[in-house]
Amino acid sequence: MSNPLEEFLIKQIGLHGPMSIDQFMSVALGHPEYGYYMKQDPLGRGGDFITAPEVSQMFGEMLGAWVADVWVQMGSPEKFTFLECGPGRGTLMADMMRAAKGVPGFHEACAVHLLETSLALKEKQAQSLKDYAPAWHDTLESVPDDVPVICVGNEFLDALPVRQFEKTEDGWCERVIAHEDGAFVFARRAQQENPVLIPERARKKARPGDVCEVGAAAASFMQNLCALLKATSGAALFVDYGHEKSAPGDTLQAVHRHEYCDVLEHIGDADLTAHVDFDVLADICFDSQMNVQGPVEQARFLKALGIVQRAEKLSAAADARQKADIGLALQRLTDADQMGSLFKVMGISYGAGLNPAGF
Ligand code: SAH
């Protein structure tokens, strides 16, 4: 039995032919009624995956310190926009705001803005962030550009759709999703145009059989964000899993109830992500005359901001069980075989006056 989202996809493929991977991701994640992010809160133990802010408050505290420091470096402007992209349950924003509370004037100057498309998650954010009266946006276009913007995004870029191209003996093909004999299958569509979209470094390395990814949605998001940061002399910080240098590789993955599953299984009920190509995004920033910090591994960033000392401080006031939890959370966020290495942190800022911490 197909679910309603699968029925929708079958109809679309019937009408228009096989579907590119980015179209598939957009529908599977963002269909207004049946999309994965639209109908549920996917985070936490009862959901499909756990993110760093859900692991421990320490993550948000470190990012809050980064934001407060940037704001002070900006000269403590009287008003600024604190924008979070893809805020999930609002946990990260709540922790960052709490951490920055001690910085005189920060809360008074700050207007919280959230870039979010999921109705289910907007409801959660409205609850967890009610003290800060946030404003929501579906795209960057409506974010005010008359005061400095400080922007943060954790596991946001990886949710943006990618296209995939495969090198074959006969040239490049686009990977697409077809529906044959009652099942969704991957197929190839010959690529007429020169694959200029493929990052050059990956294209040069690719051999027949290799897949290269193109994060067109992340690229256009980054272009728009750079324009906003430039207009407002702002800064941004992104944390995500990805690679520092473009390379061939199929990184599209599906996660359902904390387990990896086939991308074509549990459609609309599994999270779909692709690794972020920081190489390409950094180039876009450079082209827009931005300064780029990193990317560095998450462990290095969090340690530079003092997460080990913070864990010690929290432990000093904790009972034995809480101490153990704090230790485990610290490991989870910083150990190389957990989130410490795969996750990268990249900073972006405009103007010579800013030297964001942690890099
Ligand atoms: N940052 C949170 C949640 C990460 S999950 C955390 O770390 O816990 C990805 C988030 O991005 C969700 O809030 C999802 O609804 C949002 N999102 C996904 N695609 C989006 C898009 N195109 N525009 C805005 N938000 C999006």
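Just so you know, ligand 1 is whichever comes first in the structure, and atom 1 is the first atom listed for that ligand.
Under 4.0 angstrom from ligand 1, there are no non-hydrogen atoms of T91. Under 4.0 Å from ligand 1, the heavy atoms of T51 that appear belong solely to its side chain. At a 4.0 Å heavy-atom cut-off, ligand 1 touches T117 through backbone and side chain alike.
Between the side chains of D22 and S20, a donor-acceptor pair is found at a separation under 3.5 Å. Judged purely by distance below 3.5 Å, without hydrogens or angles, the side chains of N355 and Q73 never pair a donor atom with an acceptor atom.
Listed by number with element, the atoms of ligand 1 under 4.0 Å from a non-hydrogen atom of P53 are 6 (C), 7 (O), 8 (O). Of all atoms in ligand 1, numbered sequentially from 1 with element shown, those under 4.0 Å from a heavy atom of S118 are 15 (O). For ligand 1, the atoms lying closer than 4.0 Å to a non-hydrogen atom of L121 are 12 (C), 13 (O), 15 (O). Near G88, meaning under 4.0 Å from any of its heavy atoms, are these atoms of ligand 1: 2 (C), 3 (C), 13 (O). Within ligand 1, the atoms closer than 4.0 Å to a non-hydrogen atom of L115 are 24 (C), 25 (N), numbered from 1 in the order shown.
Distances from atom 19 (N) of ligand 1 to the heavy atoms of G153, A159, P161 show the closest one on A159. Comparing W136, F221, F59, Y37 against atom 5 (S) of ligand 1, the shortest heavy-atom distance belongs to Y37. Between atom 14 (C) of ligand 1 and the options M38, M93, E116, M25, the minimum heavy-atom separation is to E116.
Nearest non-hydrogen protein atom to atom 2 (C) of ligand 1 is G86 O, 3.3 Å. Closest to atom 4 (C) of ligand 1 among all protein heavy atoms lies E155 O, 3.5 Å. Considering only non-hydrogen protein atoms, atom 7 (O) of ligand 1 sits nearest to N154 ND2, 2.8 Å.
Taking each heavy atom of C212 and A206 in turn, the nearest pair found is SG-CB, 4.0 Å. Here the closest heavy-atom approach between residue L63 and residue L302 is recorded as CD1-CD2, 4.3 Å.
Between L160 and ligand 1 there is a heavy-atom distance shorter than 4.0 Å.
Under the side-chain contact (heavy atoms from CB on, under 4.5 Å) rule, F59 has a single partner from T91, T51, D95, L92, which is L92.
Ring pair Y241/H275 is perpendicular by interplanar angle, where above 60° counts as perpendicular and below 30° as parallel. Between F80 and W71, the ring-plane angle classifies as tilted under the 30° and 60° cut-offs.
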Exercise for review: Applying salt bridge (Lys or Arg N to Asp or Glu O under 4.0 Å), run through E200 and K204 and close with a yes or a no.
Suggested key: CA-CA 6 Å; E200 195 181 340; K204 281 189 178 153; 2.9 Å; yes
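Taking a 6.0 Å sphere around CD of E78, one finds it holds 12 or fewer heavy atoms contributed by other residues, nucleotides or ligands. Atom CD of Q309 has more than 12 heavy atoms from other residues, nucleotides or ligands within 6.0 Å.
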